[in-house]
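In what follows, a structure is listed as structure tokens, so that the remarks can point back to it.
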Number of protein chains: 2
Amino acid sequence: MRRDEIVTGASQGGAAARRGGGRGTTGRRRASHSLEAVISEAVAILDESGEPGLTFRALAARLGTGVGSIYWYVSSKDELLERAADSVLAGVLAQTAHVGTDPDPIADVRAIAIAFYEATVNRPWLGAYFLQDSGTQINGLTLYDRMGRQVMRLDLTRRQQFDAVSAVMAFVVGVAADRGQDPPQEVRDGRVSADEFVADFRAQIRELGEQDFPFLFNIADEFAAHDDAEQFRAGLDLLLAGIRQQAAG
Amino acid sequence: MRRDEIVTGASQGGAAARRGGGRGTTGRRRASHSLEAVISEAVAILDESGEPGLTFRALAARLGTGVGSIYWYVSSKDELLERAADSVLAGVLAQTAHVGTDPDPIADVRAIAIAFYEATVNRPWLGAYFLQDSGTQINGLTLYDRMGRQVMRLDLTRRQQFDAVSAVMAFVVGVAADRGQDPPQEVRDGRVSADEFVADFRAQIRELGEQDFPFLFNIADEFAAHDDAEQFRAGLDLLLAGIRQQAAG
DNA sequence: CTAGCGTATAGAACAGCGTTCGATCACCGA
DNA sequence: TCGGTGATCGAACGCTGTTCTATACGCTAG
């Protein structure tokens with residue numbers, strides 16, 4: 001996979017320069033696809049069965065086509081995953097299009113970060129692929145820029161602005177990577193309830209002993225009761241408090 | 001892969017209950033291995049060629065054994081990766097064994113976070129696998145606890161302690177995931193120098209235009225000049241400042 | 001109307017992967 | 001001496017990403 005060129009949504013880019021469109025002016029051929037259809041179906045598979053579930057054969061079957069056809073739109077599985085991740089970012093961008101009006105710039109940063117986070121909920125596969133793309137994929141850059149515009153309104157040096165935006169983005173990705181992997185197979189299947197799982201985990205922490213793991217022991221109840229989204233916002237607010245303090249002098 | 005049991009280093013755990021040891025009392029048999037040898041060699045391969053480079057056949061060749069033998073020590077590739085990640089964490093723990101003496105607890109948290117971060121430098125494969133393990137692998141939990149002990153010294157509620165430690169860990173992982181994916185293949189191979197790559201990227205950002213991407217345009221020079229480790233510390237300090245402020249009241 | 005070209009579809013074939021399985025070996029207590 | 005157990009090994013299986021070639025369709029030139 002190349003990363004030395006910024007890939008915009010519609011134009012250039014190796015074998016994937018082929019645009020969708022599918023239907024021309026008249027009827028269709030054998031089976032008409034499009035880049036958008038390929039990627040949205042890929043996202044659907046990823047959401048249902050995760051990254052291991054996304055195979056070219058499974059995707060082809062779902063599109064009612066052959067494996068070879070997919071390679072007309074996408075040159076490798078890496079590119080497929082990149083485009084899938086980027087298409088999710090497009091949704092985040094749409095949701096944060098209005099941002100930039102709040103008198104407090106940090107409130108806007110917060111809104112963007114939360115929208116970004118929420119897009120990763122129930123999408124474990126995104127965590128690993130996000131920042132991999134954000135460097136070169138257009139939607140990742142746009143999101144980065146959108147957050148940066150708000151930070152520019154603060155009284156910070158350029159370097160401080162750069163560091164602040166990078167920190168917030170890294171934090172969101174880190175939380176996403178964590179949260180995504182959390183519930184094991186048994187819980188996803190429904191074989192074990194979430195409450196049972198949490199209770200088991202708490203019991204196991206307790207068994208480790210207070211002497212050897214005082215913090216874990218101390219925190220066991222909080223773990224059992226905590227809400228992921230709430231914890232994300234709590235951490236985000238700590239980071240934003242640091243930024244605000246820096247901007248204040 | 002199960003995640004409902006905490007896997008300690010030496011004891012239970014499915015097929016991998018088999019401990020190393022290798023040499024018994026006398027001479028060896030055909031070829032004597034050990035769990036430690038398998039995992040340290042796996043880490044070596046991961047460091048050299050990344051996750052796709054780690055195959056059972058490559059690992060077997062390097063150990064001078066057959067593929068089947070590896071399954072005696074490890075029950076799947078997932079477990080191999082988990083143990084590899086956890087073995088790196090063991091190094092972080094060794095490096096932070098002394099921590100806990102600073103009068104300022106936050107300085108200790110900082111030291112642990114930096115040691116953790118530094119272990120991820122030049123180990124792109126770690127990012128994706130870290131927090132996946134830290135929930136159930138013993139070294140991940142130990143690291144979590146070690147950082148938590150320092151936070152316990154602060155004037156925070158249990159919930160605040162929990163959130164603070166989780167935030168710092170997530171931030172480190174997020175940065176690691178980012179930094180790991182950054183240099184593309186050409187740079188790693190040496191075909192393109194790092195300076196050239198950065199210069200190209202800056203030029204491409206400039207081409208996007210100041211109107212559409214004001215922040216990126218503004219930051220282009222900073223990007224070209226920035227140091228990853230420095231930026232990590234800058235972000236970490238923002239987060240720690242927020243924690244300190246919360247502890248102060 | 002048709003010849004031909006570019007776009008797009010389709011599936012057979014290939015190398016390589018993780019994983020399973022049975023055969024084999026080395027040691028050890030009886 | 002002899003099973004039994006711990007450990008090693010490689011052939012074999014099913015599946016994967018990817019490549020290749022053949023084919024069908026729509027459009028335009030003549």
Side-chain angles (χ1 to χ4, degrees), chain A residues 1-2 14-39 41-42 45-46 49-84 125 129, chain B residues 1-2 14-39 41-42 45-46 49-84 125 129:
Chain A
M1 267 292 79
R2 305 250 176 64
R18 295 77 192 234
R19 67 188 162 288
R23 62 185 62 199
T25 51
T26 64
R28 54 188 60 182
R29 313 185 180 182
R30 265 185 286 185
S32 197
H33 316 300
S34 73
L35 181 58
E36 294 91 46
V38 168
I39 286 166
E41 217 60 39
I45 294 178
L46 284 166
S49 7
E51 193 183 323
L54 178 63
T55 69
F56 276 77
R57 286 168 178 82
L59 180 55
R62 206 151 157 148
L63 287 163
T65 180
V67 263
S69 304
I70 300 173
Y71 278 89
W72 179 256
Y73 297 99
V74 139
S75 69
S76 70
K77 185 170 185 183
D78 273 316
E79 187 182 324
L80 181 63
L81 282 164
E82 283 183 27
R83 288 193 184 265
W125 54 277
Y129 267 86
Chain B
M1 266 295 83
R2 306 249 177 65
R18 294 76 192 235
R19 67 186 162 290
R23 60 185 61 200
T25 51
T26 65
R28 56 189 58 184
R29 314 183 180 182
R30 267 185 284 187
S32 194
H33 315 301
S34 74
L35 181 59
E36 294 92 46
V38 168
I39 285 165
E41 217 62 39
I45 292 178
L46 284 165
S49 5
E51 194 182 322
L54 179 63
T55 69
F56 277 77
R57 287 169 177 81
L59 180 54
R62 208 153 153 146
L63 288 164
T65 180
V67 263
S69 305
I70 301 174
Y71 278 87
W72 178 256
Y73 296 99
V74 140
S75 69
S76 71
K77 187 172 185 181
D78 274 314
E79 186 183 325
L80 181 62
L81 282 163
E82 282 183 27
R83 289 194 182 263
W125 54 276
Y129 266 87

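Values below: all heavy atoms of this structure, side chains included; hydrogens, waters and symmetry mates excluded. Chain letters run A, B, ... following the sequence lines, proteins first and then strands; every chain starts at 1.
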Using atom [atom1] of [X] as one end and atom [atom2] of [N] as the other, report the distance to the nearest whole Å.
{"X": "A:Trp72", "N": "D:dT23", "atom1": "CH2", "atom2": "C1'", "value": "14 Å"}
{"X": "A:Glu51", "N": "D:dT16", "atom1": "CD", "atom2": "C1'", "value": "13 Å"}
{"X": "A:Tyr73", "N": "D:dT18", "atom1": "OH", "atom2": "P", "value": "18 Å"}
{"X": "A:Arg57", "N": "C:dC17", "atom1": "CZ", "atom2": "P", "value": "16 Å"}
{"X": "A:Asp78", "N": "D:dT16", "atom1": "CG", "atom2": "P", "value": "17 Å"}
{"X": "B:Lys77", "N": "C:dG18", "atom1": "NZ", "atom2": "P", "value": "4 Å"}
{"X": "A:Tyr71", "N": "C:dA8", "atom1": "OH", "atom2": "P", "value": "19 Å"}
{"X": "A:Phe56", "N": "D:dT18", "atom1": "CZ", "atom2": "C1'", "value": "8 Å"}

Please name the pair of heavy atoms, one in [X] and one in [Y], separated by the smallest distance, quoted to 0.1 Å.
{"X": "A:Lys77", "Y": "A:Leu54", "result": "NZ-O, 2.7 Å"}
{"X": "A:Val74", "Y": "A:Ser76", "result": "CG1-O, 3.0 Å"}
{"X": "B:Pro52", "Y": "B:Thr55", "result": "O-CG2, 3.9 Å"}

Item to check | Closest to side chain of A:Val67, choosing from D:dA11, D:dT18, D:dT16 | outcome: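 When the side chain of A:Val67 is considered, D:dT18 is the closest of D:dA11, D:dT18, D:dT16.
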Taking any heavy-atom pair under 4.0 Å as a contact, classify [X]: base, sugar-phosphate, or nothing.
{"X": "B:Ser69", "value": "base"}
{"X": "A:Leu59", "value": "nothing"}
{"X": "A:Leu54", "value": "sugar-phosphate"}

Checklist entry - Do the side chains of A:Arg83 and A:Val38 get nearer than 4.5 Å, heavy atoms only? => result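 A side-chain contact is absent here, since even the closest heavy-atom pair is not under 4.5 Å.
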Next on the checklist: So, OP1 or OP2 of C:dA10: does either fall under 4.0 Å of a side-chain N or O from A:Thr65?
Outcome noted: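 Yes, because at least one side-chain N or O of A:Thr65 sits under 4.0 Å from OP1 or OP2 of C:dA10.
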